[in-house]
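What's counted below: heavy atoms across the whole structure, side chains too, no hydrogens, waters or symmetry copies. We're numbering straight along the sequence, starting at 1.
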Amino acid sequence: GKKQFHKPRFHGGLSLFELHAAKDLGAHLRFMHDVLEPGARALIIDFSTARKNARLPVAFFGPWEGTPKHIEDYLATIRRVGFDIVSIGAETDSFLPLISRGWSGWRQGWVLLQSIHDHRHRAHLLNAMTVHAELWAERFEAIKAGQLLVSSIIIDKTNQYMSA
């Protein structure tokens with residue numbers, strides 16, 4: 001049953017860009033806490049904002065929505081759930097080339113989509129690709145402007161079980 005699935009059985013974890021998309025940050029982190037064994041370590045990499053309570057709605061809408069938080073907001077929730085913070089890192093400079101490399105393949109994708117014979121299907125996919133490109137352009141600009149960051153957080157689950 002559900003209780004057995006939540007039994008701690010993982011020796012480590014990885015959360016890539018899931019926190020900013022979580023509707024309930026605490027629930028997401030409690031689930032991680034539930035499934036990690038005591039003493040387990042996890043790495044979280046996610047978007048964070050340079051200022052507290054900053055909103056970047058244009059860069060996080062549609063199917064790729066989310067609400068990045070300031071690193072201190074993430075850390076407070078991580079601690080409240082029962083994790084220890086091992087280290088915090090800045091990954092923004094490493095992330096920018098990934099966006100640039102991703103864009104280099106978009107022209108090839110655009111050409112490939114042009115070969116789809118079903119006009120409606122092609123139009124739908126080209127529109128989705130355009131929206132996705134606009135979203136990443138907004139995120140890229142927010143990163144270059146210093147408003148959006150990519151942060152890494154290494155956490156440990158203490159050897160004691162969380163109360164409550």
Side-chain angles (χ1 to χ4, degrees), residues 2 5-6 10 12-36 42-83 85 87-114 116 118-155 157:
K2 185 177 178 183
F5 180 74
H6 286 261
F10 294 102
L14 179 63
S15 176
L16 296 175
F17 299 97
E18 292 293 329
L19 293 185
H20 80 276
K23 299 287 184 216
D24 181 347
L25 179 60
H28 181 81
L29 290 165
R30 277 189 299 281
F31 174 76
M32 280 183 68
H33 194 276
D34 287 347
V35 298
L36 288 173
L43 169 65
I44 296 170
I45 298 178
D46 215 315
F47 292 115
S48 59
T49 59
R51 292 185 347 265
K52 275 194 166 279
N53 300 320
R55 297 279 181 238
L56 301 167
V58 178
F60 294 92
F61 68 90
W64 304 282
E65 68 183 4
T67 308
K69 301 193 178 358
H70 190 268
I71 191 76
E72 291 301 326
D73 295 331
Y74 289 137
L75 298 177
T77 306
I78 288 167
R79 287 185 187 107
R80 191 167 45 253
V81 166
F83 287 110
I85 308 294
S87 68
I88 303 161
E91 308 299 332
T92 309
D93 290 341
S94 300
F95 192 70
L96 283 170
L98 295 176
I99 298 173
S100 298
R101 277 196 298 273
W103 279 338
S104 69
W106 287 43
R107 182 171 176 75
Q108 184 179 7
W110 191 267
V111 170
L112 180 66
L113 290 178
Q114 295 295 334
I116 294 176
D118 181 328
H119 298 297
R120 283 187 177 179
H121 188 62
R122 181 178 64 236
H124 174 74
L125 292 173
L126 289 171
N127 183 54
M129 188 174 184
T130 300
V131 170
H132 196 97
E134 290 171 356
L135 172 87
W136 278 102
E138 290 291 339
R139 290 180 182 182
F140 188 72
E141 290 303 316
I143 289 171
K144 284 181 17 182
Q147 298 172 332
L148 183 64
L149 308 170
V150 178
S151 302
S152 63
I153 309 165
I154 297 177
I155 59 176
K157 179 176 178 179

For this session: Output, in order, the C-alpha distance, side-chain angles, deciding distance and verdict of side chain to side chain contact (heavy atoms under 4.5 Å, CB included) for Leu25 and Tyr74.
Result: CA-CA 8 Å; Leu25 179 60; Tyr74 289 137; 3.8 Å; yes
Exercise. Is the shortest heavy-atom distance from the side chain of Phe83 to the side chain of Ile153 under 4.5 Å?
Worked result: no
For this session: Quick one: pull up CG in Leu125 and OG1 in Thr130 and give me the separation to the nearest 0.5 Å.
Result: 10.5 Å
Exercise. With Glu91, which residues qualify under side chain to side chain donor-acceptor pair (under 3.5 Å), at least two apart?
Worked result: Ser152
Exercise. Judged by atom type as modelled, is there a donor-acceptor pair below 3.5 Å linking the side chain of Asp46 to the main-chain atoms of Glu18?
Worked result: yes
For this session: With sequence neighbours left out, write down each residue that passes side chain to side chain contact (heavy atoms under 4.5 Å, CB included) with Ala22, or none if nothing qualifies.
Result: His28
Exercise. Does the pair Leu149 and Phe95 meet the rule for a side chain to side chain contact (heavy atoms under 4.5 Å, CB included), with working shown?
Worked result: CA-CA 9 Å; Leu149 308 170; Phe95 192 70; over 6 Å; no
Problem set entry | Contact summary for Ser100 and Phe140, nearest pair of heavy atoms | OG-CE1, 4.1 Å
Seminar exercise, completed: Value for CD1 (Ile78) from NE2 (His33), rounded to nearest 0.5 Å, stands at 11.5 Å
For this session: Give me the ring orientation class for Phe47 and Phe17: parallel if the planes are under 30° apart, tilted from 30 to 60°, perpendicular past 60°.
Result: tilted
Problem set entry | Side chain proximity check, Ile143 to Ile99, heavy atoms < 4.5 angstrom | yes
Seminar exercise, completed: Only residue of Leu36, Val35, Asp34, Val81 satisfying side-chain contact (heavy atoms from CB on, under 4.5 Å) with Lys157 is Leu36
For this session: Starting at OG1 of Thr92, measure out to NZ of Lys144 and round the result to the nearest 0.5 Å.
Result: 14.0 Å
Exercise. Taking the side chain as C-beta and beyond, is there a heavy-atom pair between Glu138 and Phe61 under 4.5 Å?
Worked result: no
Problem set entry | Straight-line distance of Ile155 CD1 to Leu29 CG, nearest 0.5 Å | 6.5 Å
For this session: Check whether any side-chain heavy atom of Val111 sits under 4.5 Å from a side-chain heavy atom of Gln108, and report yes or no.
Result: no
Seminar exercise, completed: For His132, the side chain to side chain contact (heavy atoms under 4.5 Å, CB included) test, sequence neighbours excluded, returns Trp64, Trp106, Trp136
Exercise. Any donor and acceptor pair, going by atom type alone, linking the side chain of Thr49 with main-chain N or O of His70 inside 3.5 Å?
Worked result: yes
For this session: Might you point out which heavy atoms bring Ser48 and Ile71 nearest each other, and give the distance in Å?
Result: CB-N, 4.1 Å
Problem set entry | Gln114 atom CD: more than 12 heavy-atom contacts under 6.0 Å | yes
Problem set entry | Residue pairs involving residues 64-75 (criterion salt bridge (charged side-chain N to carboxylate O under 4.0 Å, His left out); sequence neighbours excluded) | Lys23-Glu65, Lys52-Asp73
Exercise. Rounded to the nearest 0.5 Å, how far does CD1 of Ile45 lie from CD1 of Ile154?
Worked result: 8.5 Å
Exercise. Does CG in Asp93 sit with more than 12 non-hydrogen atoms of other residues, nucleotides or ligands closer than 6.0 Å?
Worked result: no
Problem set entry | Atom pair CD1 (Ile116) and CG (Leu113), whose distance is rounded to the nearest 0.5 Å | 5.0 Å
Exercise. Of all residues at least two apart in sequence or in a different chain, which pass the salt bridge (Lys or Arg N to Asp or Glu O under 4.0 Å) check with Glu134?
Worked result: none
For this session: For Leu98 and Arg101, work out which heavy atoms get closest and say how close.
Result: CD2-NH2, 3.2 Å
Problem set entry | Ala76: partners by side chain to side chain contact (heavy atoms under 4.5 Å, CB included), with sequence neighbours left out | Arg80
Exercise. Where is the tightest heavy-atom contact between Leu148 and Arg139, given as atom of each residue plus distance?
Worked result: CD2-O, 4.0 Å
For this session: Identify the heavy atoms of Gly109 and Met129 that sit nearest to each other, and give their distance.
Result: C-CE, 3.9 Å
